[in-house]
Structure formats: structure tokens, C-alpha cells
Amino acid sequence: MRLTRYVLPLLKETPAEAQIVSHRLMLRAGMIRQSSAGIYSWLPFGYRALQKVERIVHEEQQRAGAIPLLMPTIQPAEIWRESGRYDAYGPEMLRIKDRHEREMLYGPTNEEMITLLVRDAVKSWRDLPRNLYHIQWKFRDETRPRFGVMRGREFLMKDAYSFDLTAEGARLSYQKMFVSYLKTFARLGLTAVPMKADTGPIGGDLSHEFLILAETGESQVFVDSQLLAKDWSSVEVDYEDPASVEAIFESFTSAYARTDETHDPAIWAETPAGRQVSARGVEVGHIFYFGTKYSEPLKATAIGPDGQPVTLEMGSYGVGVSRLLGAIIEASHDENGIIWPEAAAPFHVALVNLKQGDAAVDAAAGKLYAELTAAGVEVLYDDRDERAGGKFAAMDLIGLPWRLTVGPRGLASGQVELRRRKDGATEELTPEAAVAKLVAATRGL
RNA sequence: CGGAGUAUAGCUCAGCCUGGUAGAGCGCUACUUUCGGGAAGUAGAGGCCGCGUGUUCGAAUCACGCUACUCCGACCA
């Protein structure tokens, strides 16, 4: 993409409303603009990042056996009456009426809707287990939205729902999603620590929140450093093998990791003092096993092998996709701007033409742009007629993983400059070598 | 939902106390010089001063009402 043909409204100064760094940087980098409290437009650059994250979530869900579908944002009130949640949900639910005075709502979550779909579509134990998910906008009318997309009212969420014949089966479904979350967050360059969460009336140990450690996190967390020291980036699993899934689940849940909600000082004390890490965290995922809480009132059953109907065992699994964008930036930035993890970066490379209008530089940069693009590398080509300092500052702000600089000085000796955003590592190399290196570095993203 | 604030140019803000027809910096447009880490000059464009009512000869400024937004707290992917 040529910057002169793009829409990337960068802000030099920090907008007054932004309190935390990710919100400031998302506004300054031209990713989002607020529409009303807790509701945002995603500008082209932010939308690309959102799509990158979405794609990774899709891939890891499907790898774990979940099946994508798409349910509506607007739901009829009656299905919530059927589950008994319509009155219980409270003012967080945005309730609306259509022209026929029918009561509708903007979905804050989809348990009812998916349960009804599955009730009609799944009749036999042979059709189980199943896990269905979608990535869809949700609305929760929070009393106090804040922190940009970290706590919006409208937000993009991945929600998966598992259906099993038995509680043991549901446990495996739960563990598969658990592992899938580990892999999803790892691909995004994040360490999202699974923490024991409240299970409500169901009880048991099958609810976890995944939190990214960040100073601006909303929750206080307590974690055994041994858990943080694990290798998060190369979790290998065979989803077809329950023992493999279980082993990973066990290895990531054995050490102490809790938020202030479930924190128990007595148990915490059993963790050696030298390993006790207390920090702040941002919740980016939450998974539950809740048994027949919805299948019971909504009468979702399947005929078992013995010919008798069985009420389905359910779990639900959420990832705050739009929130993840904020969380990634909270976890990865410096004083100059965003530092995108490679997998989430809106573009792979910022190609900087230092002397727009100079025939030799234009030609060299244009050739690099064409070759990289043809090779599948996503390039944002800064072909604006700006001074070097302004371009560098802008590119630092938007934080693409690589910056390839072409200028008359280097070109005189046949060199271009390749700089890595995350550590500033810089090298001079030929344009051909730069293309080769970038193609190799971005392969498989 | 309790408490506290804010609303003036695209952004950051001044002006309001003490009423007299709208300001700065950045950004934007044109030109000149400059040009490898946010350059300088000159000339421009850009405002129902959140909305309404009232007071007044006259309201960005005073009074009342409303709306939106932000912050602190209680709650949430």
C-alpha cells in the first residue's frame, strides 16, 4: 500500500480523552476513532490489525476442531425469556423494539441462540461432540466504558460453545479450548496466563480467565514464576489424542495463578516466596464449563446410545478480539510508539523513501515495493514528500516490525537500511539481500 | 449508578472572573529556502464558541435547563 493513497490520520499530540498507553497509541496511530462512549470506528490501519488477529483466532479454533458459523447481533427477547435470563441480565443488555413493537436486544452473548440452533440440528449421540463458534460484535451497555477498545460497549468477541453427551466429554472439550487459547495468544506474541476463575453455581475447576500481564491491567494477579518461565511459544498438541490435551492442560494449571477474585493467601503461601509474582493483568479470554445451565431450560437434548434423551453438557469460550488489540499494544510498545508482534502487524514492512522525487531513489524504492509485494510481503510504502525525521517518527509510531529505508546516501554505495522495530537492530545491505531477508522473515505469518 | 469535571478550528488549548462581534501552537493549502530522526519564512483556508431558554442595547463570557463526553469509585470479554 502506498501511503499517499491510504488513509492514515496520525496525531502528533495525545488526544485528551486517552488515559492509557494503548488507547493513546491507537488514536495517534490512526487505528480507531471514537463514535460515542465505548463505541469506535476502526480506521483502515486498525481494521487490518483487527483482521490479522481475527484470522489467527479462526485458525486456532478450527485447528482445535471448532466449527465456524455466524449468528446475528440482534436477537429476539423471547429466547432469553425461555432461558430465564431476560430479566436477570439487567441494564447491561441493550433492549430495543422493532416497528411491530416486538422486543429485541443487541446480543451481549449467544448461549441461548446457539443452544436453540443445536437443539434443532443435533438429534443423536452420533452427532456429538460438537463445538461451534463465531466472531461477532457484541454490545454490553457498561456503566462506565473506558480505556478505548479495552473496555468498550461494542466489542468484537469470539465465542465458542461446546456440546457433549457426558461431563467427561465436556471436560475434554474444555481442555481443547484451553490449549487452543494458549496457542492463539502465543502466536500473537503474548503470554496470556490462564488463571483459575469463579465457576459460579456449577463448581469444579473448569473455568479459567486468560490474562496478559501489563501495568495498566484492571485485575490484580498472583502467579508462580515457574508458570511464567514455561515455553509458551512452542506448545505442541495432538487434538485427536485426549492424553496429549490433558497433559498440556495439567502442566499449565498446576502452578498457582489467580486473580484477586479467587486469590487465596493460604494456598498462595505454599508457593515459595522467591517465586511469587504479583502484577496487574488484562483479561483477554474466559472459558467456562457450565453443564446443563442452558440446555436444561431450553430443552436441548440428544438421544443417547440407549435410546433415552440426554440433556447436553455445555461449555462456552470467549476471546475479546477487539480488546486483544489494546492488550497487544499494552504489552508491546515503547516511548516512540507501537511495536507490533509479527503475526498481528497490519503490514510487515514500512518502506521509507527518504527522497521522494529523486529519480534514482524513487526507482529503487519502487522496485523494492513491487518485488516485495509480488513475493507476498505486506508493505506500507511511505512515498510521501516528507522529511526524514517526520517519516521515521511516523513509522516508529505505527510500529511495523521492519523498516526498509532507501535514500540517496546509501544508494550511492548500493545499500539500503533494514531496521527491526522491536530492538532497533539495523543493517546495511543490498536491495536484493533485503528482499530475500524480508521474504524469509515473513514467510508463514 | 454515586461523586467530580469538561464542552471554543482537524488536534492540544487560551479567552469567560470584569459582557462589546474569535485567538495561539501543531496540523492543512500555496510558494521559497532547507532536506538521513518531527526545519524556517511568507501568504492562505478553516469556527451555529455543545444545544435551548432567559437577562441585556449587546452573550463564547452572566443565569437556568438539557445533552454529550471524561475522570474517581462500585461492576464487566
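When reading the values below, keep in mind they use all heavy atoms of this one structure, side chains included, and skip hydrogens, waters and symmetry mates. Treat the numbers as computed from the prediction; the structure is a model and nothing was measured. In the text below, chain A, chain B and the rest are named by the order of the sequence lines, each starting its count at 1.
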Please give the nucleotide sitting opposite B:U70 as a Watson-Crick or G-U wobble pair, both distances under 3.5 Å, or none.
-> B:A4

What integer number of Å spans the C1' atoms of B:U6 and B:C51?
-> 16 Å

Given RNA chain B, 5'-ward residue of the pair A:His286 and A:Leu10, judged by closest heavy atom | A:Leu10

Looking only at atom P, what distance separates B:G23 and B:G15, rounded to whole Å?
-> 15 Å

Is the shortest side-chain N/O distance from A:Lys12 to OP1 or OP2 of B:G38 below 4.0 Å?
-> no

Taking atom types as modelled, is there a side-chain donor on A:Ser162 or A:Tyr174 under 3.5 Å from an acceptor on the other?
-> no

Side-chain H-bond candidate by donor/acceptor type, A:Ser180 with A:Gln61, under 3.5 Å | yes

Mind checking the C1' distance from B:C69 to B:G54? Whole angstroms is fine.
-> 26 Å

Considering every strand shown, what is the Watson-Crick or G-U wobble mate of B:U18 when both distances are under 3.5 Å?
-> none

Can you check the A:Leu411 CG to B:G36 C1' distance for me, whole Å?
-> 13 Å

Could you give the distance separating B:A30 and B:A45 at their C1' atoms, to the nearest angstrom?
-> 11 Å

Within 6.0 angstrom of A:Glu103 CD, more than 12 heavy atoms from elsewhere = yes

Paired with B:A30: which nucleotide, if any, by Watson-Crick or G-U wobble criteria at under 3.5 Å for both distances?
-> B:U42

Per the atom types in the model, does the base of B:G25 pair as donor or acceptor with the side chain of A:Glu13 at under 3.5 Å?
-> yes

Determine whether any donor atom in the side chain of A:Arg403 lies under 3.5 Å from an acceptor atom in the base of B:G37, or the reverse, and answer yes or no.
-> yes

Below 4.0 Å: OP1/OP2 of B:A39 and any side-chain N or O of A:Arg387 = yes

A:Lys355 atom NZ is separated from B:U34 atom C1', nearest whole Å, by 11 Å

What nucleotide among B:U34, B:G36, B:G73 has an atom nearest to a side-chain atom of A:Arg144?
-> B:G73

Does a donor on one side chain and an acceptor on the other come within less than 3.5 Å for A:Asp87 and A:Tyr89?
-> no

Return the value, rounded to whole Å, for the distance between atom CG of A:Asp396 and atom C1' of B:G38.
-> 11 Å

Strand partner of B:G52, provided both Watson-Crick or wobble distances fall under 3.5 Å = B:C64

Interface with RNA chain B, restricted to residues 333-352 of chain A and to heavy atoms under 4.0 Å = none

Donor-acceptor side-chain pairing of A:Thr109 and A:Glu111 below 3.5 angstrom = yes

What nucleotide, of B:C69, B:A77, B:G73, holds the atom closest to the side chain of A:Ala37?
-> B:C69

Classify the side chain of A:Thr143 versus the base of B:A74 as yes if they form a donor-acceptor pair under 3.5 Å and no if they do not.
-> yes

A:Glu283 side-chain proximity, nearest of B:A77, B:G38, B:C75 = B:A77

Can you tell me, in whole Å, how much space there is between the C1' of B:C72 and that of B:A59?
-> 34 Å

B:U70 phosphate, OP1 or OP2, under 4.0 Å from A:Gln34 side-chain N/O | yes

Name the pairing partner of B:C13, where a pair is Watson-Crick or G-U wobble with both distances under 3.5 Å, or state none.
-> B:G23

Write down the partner of B:G58 under the Watson-Crick or G-U wobble criteria, each distance required to be under 3.5 Å.
-> none

Which nucleotide, in any strand shown, forms a Watson-Crick or G-U wobble pair with B:G36, with both distances under 3.5 Å?
-> none

Separation of atom CG in A:Asp385 from atom P in B:A39, rounded to whole Å = 13 Å

Are the ring of A:Phe392 and the six-membered base ring of B:G38 within the stacking cut-offs of under 5.5 Å and under 30°?
-> no

Roughly how far apart, to the nearest Å, are B:U61 and B:U18 at atom P?
-> 14 Å

